[in-house]
Amino acid sequence: MTVNRPQPRPGVLDISPYVPGKSTAPGVAKVFKLSSNETPLGPSEKAIAAYNETGRHLEDYPDGSAAELREAIGASLGLDPARIVCGAGSDDLLNLIARAYLKDGDEAVHATHGFLVYPIATLASGAKPVVAPETDYTANVDHLLAAVTPKTKVLFLANPNNPTGTYIPFDEVKRLHKGLPPHVLLVLDAAYAEYVDRNDYESGIELVATSENVVMCRTFSKIYGLAALRLGWMYGPAHVVDAINRIRGPFNVNAPAIAAGVAAIRDSAHVERARAHNTKWLGWLTQEIGKLGLTVTPSVANFVLIHFPETKGRTAKEADAFLTQRGLVLRAVGGYKLPNALRMTVGSEEANRLVVQALKDFLGQKA
Ligand SMILES: *Cc1c(COP(=O)(O)O)cnc(C)c1O
């Protein structure tokens with residue numbers, strides 16, 4: 001039956017809307033939100049001051065090219081600002097990439113537990129998401145390459161991945177790139193790159209600089225603590241930058257975000273503090289939660305994936321309810337096909353200790 005009213009393009013109604021992490025615990029006075037990988041340190045004080053200053057000039061359009069921000073990012077990482085595009089969060093850029101490079105009938109590959117924005121952006125462009133199996137909750141290059149067909153136009157790889165926290169070494173990223181046909185765009189989503197403390201990891205800058213079919217997306221939402229402002233950026237070959245600049249909103253990044261982003265990227269001491277805090281507590285949480293008999297997937301990001309048994313009274317769902325009653329809000333990841341796990345953002349010392357104690361109580365292993 002054809003309904004006589006406007007119809008969205010094919011694929012749109014196949015999208016399961018993105019469900020953000022919850023942020024409340026009804027009836028609890030003090031809530032620790034550990035569900036959206038936000039930094040417990042907050043943004044740089046300098047970024048807050050720069051943001052406040054822009055409040056005096058809300059009548060002015062922002063610089064549509066975000067030149068000052070692209071220059072600050074370029075100076076901080078040694079990149080050509082002309083090869084950077086800023087967006088309203090990396091979500092904006094991931095969707096623009098899909099819109100520019102996918103059409104009806106195309107395919108875009110991602111790994112089983114890849115970030116949910118990838119299938120959403122793919123379906124919204126009329127293309128088909130193709131899922132490649134993982135090994136031990138980690139992207140598998142052989143499986144990703146096996147999923148590529150003549151219809152594949154984009155391959156999305158979050159490295160490290162959310163919600164698993166795992167990564168693949170740069171050698172493997174290069175092997176993936178080598179195995180791709182040159183017309184497939186490899187999108188390296190490095191939202192958590194700043195947190196990774198591994199010698200064999202690279203965010204992908206070198207690969208972008210030396211090829212024609214790789215882009216890297218980054219965000220100010222995580223270590224920089226500016227999630228509320230919606231700010232991300234991508235680094236790509238000139239021809240991809242040109243295509244994205246043609247279709248992005250002419251003022252897709254707002255002035256307070258530009259100002260705060262410039263100050264944030266220049267405040268390397270703040271980033272260093274956030275990184276040191278994370279390294280310390282990521283290790284602590286992995287160890288302490290492991291001691292309780294729960295499996296924690298080894299993470300290099302700012303969160304851990306905690307696996308629960310299916311035994312009644314011990315399930316992820318029951319743990320989530322128990323923790324929420326104490327104001328400890330973690331992320332249920334059933335939408336990521338991980339119904340027996342919870343994702344926990346590395347929080348403040350207080351939050352981290354409270355979660356470990358609560359899990360101990362939940363499992364009935366009072367020390
Ligand atoms: C948080 C996150 C992002 C960042 O999204 P923004 O739109 O920049 O807030 C991108 N990719 C992954 C995998 C993430 O977890």
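What's counted below: heavy atoms across the whole structure, side chains too, no hydrogens, waters or symmetry copies. Every value quoted in this text rests on a predicted model; they were computed, and no experiment measured them. Note that ligands are numbered from 1 as they come in the structure, with each ligand's atoms numbered from 1 the same way.
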**Message:** Against the six-membered ring of Trp281, is Arg353 placed for a cation-pi contact (under 6.0 Å from the centre, within 45° of the normal)?
**Reply:** no
**Item:** Other ILVMFWY residues reachable from Tyr61 by side-chain steps of under 4.5 Å
**Value:** Phe251
**Asked** Using 30° and 60° as the class limits, which term best fits the ring planes of Phe156 and Tyr118: parallel, tilted or perpendicular?
**Response** parallel
**Message:** With salt bridge (Lys or Arg N to Asp or Glu O under 4.0 Å) as the rule and sequence neighbours excluded, what pairs involving residues 219-235 come up?
**Reply:** Asp91-Arg230
**Message:** A quick test of your reading: do over 12 heavy atoms of other residues, nucleotides or ligands sit less than 6.0 Å from CD of Glu68?
**Reply:** no
**Asked** With sequence neighbours left out, what residues match Val271 under side chain to side chain contact (heavy atoms under 4.5 Å, CB included)?
**Response** Ile223, Tyr224, Arg275
**Asked** Under a 4.0 Å heavy-atom cut-off, which residues neighbour ligand 1?
**Response** Gly89, Ser90, Asp91, Phe115, Asn162, Asp189, Ala191, Tyr192, Thr219, Ser221, Lys222, Arg230
